Trainee: 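To start, I am sharing the structure in question, which I have written as structure tokens.
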Amino acid sequence: MFALVDCNNFYVSCERVFSPSLEGRPVVVLSNNDGCFIARSNEAKALGLPMGGPAFKFREVLKQNRVAVHSANFPLYGDMSARVMQTLSALAPDIEVYSIDEAFLDMTGFSRFDLESYAATMRKTVRRTTGIPVCVGIAPTKTLAKVANRIAKKHPASNGVCVLRTAEAIKAALAMTPVEDIWGIGRQWSRRLQTQGIMTAADLAAADSTWVRKHLHVTGARVQAELNGTPCLAIELVRPAKQSICTSRSFGKCVGTLDELQQAVATFAGKCAYKLRREHSRASMVTVFTGTSPFEEPEARYWGTRTITLPFPSNNTTTLLNAANNVLSGLYREGYGYRKAGVLVSGMVPEDQPGTTLSLFGEEESPGDRRQQELMAVMDGINHRYGRGTIRLAAEDDQAWKPQQEQLSPHYTTDWADIITVRA
DNA sequence: TCTGGGGTCCTAGGACCC
DNA sequence: TCTGGGGTCCTAGGACCC
């Protein structure tokens, strides 16, 4: 049996932990730049505010209903997530952290437990130690655990817990799950299934498996098998190293000059290098992209992306920053109002991989340059101790393109300055 | 009449997840 | 005025190898 523990309206719940006056009120959390809704309280959902909806189109609804609006505060959410996951780790031997607000727990070995009451204990424990409300779904496969969790969330009578054990319980659960709500079935595939008359998870479970394999490929075939109780997906205890790392932002205002764009790209490259070091990886390719808003008139629209291969895989801030800047120069076109840019690094190699091939001509930065590595370690150490951004390369700067965050809550758990402000 | 069989690597595009 | 950010996997097709 697998348990899926999923936090309710996670970002909203994080804000509520520190502002209890938000309880019972409609609350939304906005994406970077205060653009779209990325989390909604149940009250906000009831007002018809859609996930991903652009906030400016709903300004009247927000005002009339006195909706509490918060800018995204990812350092806070990341820290709260870590606390939830730590609590869950103590409740089951094997846990897979699936996303910022979800974890799968391996319930093998709990066969003699009353799973309903154990799940209720998990909810209570997480609530007590972190303040975050969660729902628990338990079933014989991960996909069925997702189905169970959805039912636990949707039906107040379940008290936040749904265990699917018997064939009858599973059958009933599948019948009440629309096909578009199945984990792994997105918009395209649900449309395709619906035209075949496959409307619910029960229909998909019973569908012709040859047809499913042909049109939904192995991924869809796996979903079908999992719905029928055959586990195809295991708990992944160790997260595999990332294959690509991306840092990108929309800008708070239009950026026109190459100089300003360079500051943004330098900052993103620096962030990518830091994330690489944290992963103990090096990247061998650097991609830079930038462009105008996609909602711009066609003649004023521009989107450019370009990739280069580094002479050696690297996670050095200076190396990646120089590379990204070179790529950007080839991408930049004068006369556009740039609204977004990003840096993506890929072609990862483990940091400790021995025997990296040397250059035939030997003029590039040596891949294992000890002094550079020590410099990066010192930089990371200072930033860890005194806060992010305490020390950085001069080229990194956010003055020109800083995203808008007008409703930002304090960093209650990760920034001394904010904690002191709260107390005052 | 009759033109093999078995592979790898890379890329682009399309789907999906949170 | 105003529309997020960060990932993964799969398939098909083309190029190459012996």
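Order of the sequence lines sets the chain letters (A, B, ...), proteins ahead of strands, with each chain counted from 1. The structure displayed is predicted, hence computed values, not measured ones.
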Trainee: When the nearest nucleotide of DNA chain C is assigned to Thr247(A) and to Arg339(A) on a heavy-atom basis, which residue is associated with the more 5' position?
Mentor: Arg339(A)

Trainee: Does OP1 or OP2 of dG6(C) have a side-chain N or O of Ser248(A) closer than 4.0 Å?
Mentor: yes

Trainee: If I take atom CZ in residue Phe56(A) and atom C1' in nucleotide dC2(C), what distance separates them, rounded to the nearest angstrom?
Mentor: 5 Å

Trainee: Are Phe2(A) and Phe104(A) close enough that their ring centres sit under 6.0 Å apart?
Mentor: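 No, the ring of Phe2(A) stays outside the 6.0 Å limit from the ring of Phe104(A), centre to centre.
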
Trainee: Between Lys146(A) and Glu102(A), is there a side-chain N and carboxylate O pair less than 4.0 Å apart?
Mentor: yes

Trainee: Under 4.0 Å, counting only non-hydrogen atoms across every strand here, what does Lys146(A) touch: a base, just sugar-phosphate, or nothing?
Mentor: sugar-phosphate

Trainee: Distance check: side-chain N/O of Ser250(A) vs OP1/OP2 of dG5(C), anything under 4.0 Å?
Mentor: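 Looking at the OP1 and OP2 atoms of dG5(C), one of them is under 4.0 Å from a side-chain N or O of Ser250(A).
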
Trainee: If you only use heavy atoms from C-beta on, which nucleotide in dT3(C), dG5(C), dT11(C) is closest to the side chain of Arg213(A)?
Mentor: dT11(C)

Trainee: Could you work out the separation of dC17(B) and dG4(C) based on their C1' atoms and round it to a whole Å?
Mentor: 15 Å

Trainee: Quick check on DNA chain C: between Val218(A) and Gly35(A), whose nearest nucleotide comes earlier from the 5' end?
Mentor: Gly35(A)

Trainee: Between Gln404(A) and dT1(C), is there a side-chain N or O to OP1/OP2 distance below 4.0 Å?
Mentor: no

Trainee: Is the distance from OP1 or OP2 of dC10(C) to the nearest side-chain N or O of Arg222(A) less than 4.0 Å?
Mentor: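 True: Arg222(A) side-chain N/O within range (under 4.0 Å) of dC10(C) OP1/OP2.
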
Trainee: Check Lys142(A) with Glu96(A), please: is the shortest side-chain N to carboxylate O separation under 4.0 Å?
Mentor: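 Judged by the 4.0 Å cut-off on N to carboxylate O distance, Glu96(A) and Lys142(A) do form a salt bridge.
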
Trainee: Just by distance, no angles: are the side chains of Tyr77(A) and Glu15(A) close enough, under 3.5 Å, to form a donor-acceptor pair?
Mentor: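 Side-chain D/A pair, Tyr77(A) to Glu15(A): present.
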
Trainee: Rounded to whole angstroms, how far apart are CZ on Arg40(A) and P on dG4(C)?
Mentor: 16 Å

Trainee: Has Phe295(A) got its ring stacked on dT3(C), by the test of a centre gap below 5.5 Å and a plane angle below 30°?
Mentor: yes

Trainee: dT11(C), dT8(C), dG7(C): which one has an atom nearest the side-chain heavy atoms of Ile245(A)?
Mentor: dG7(C)

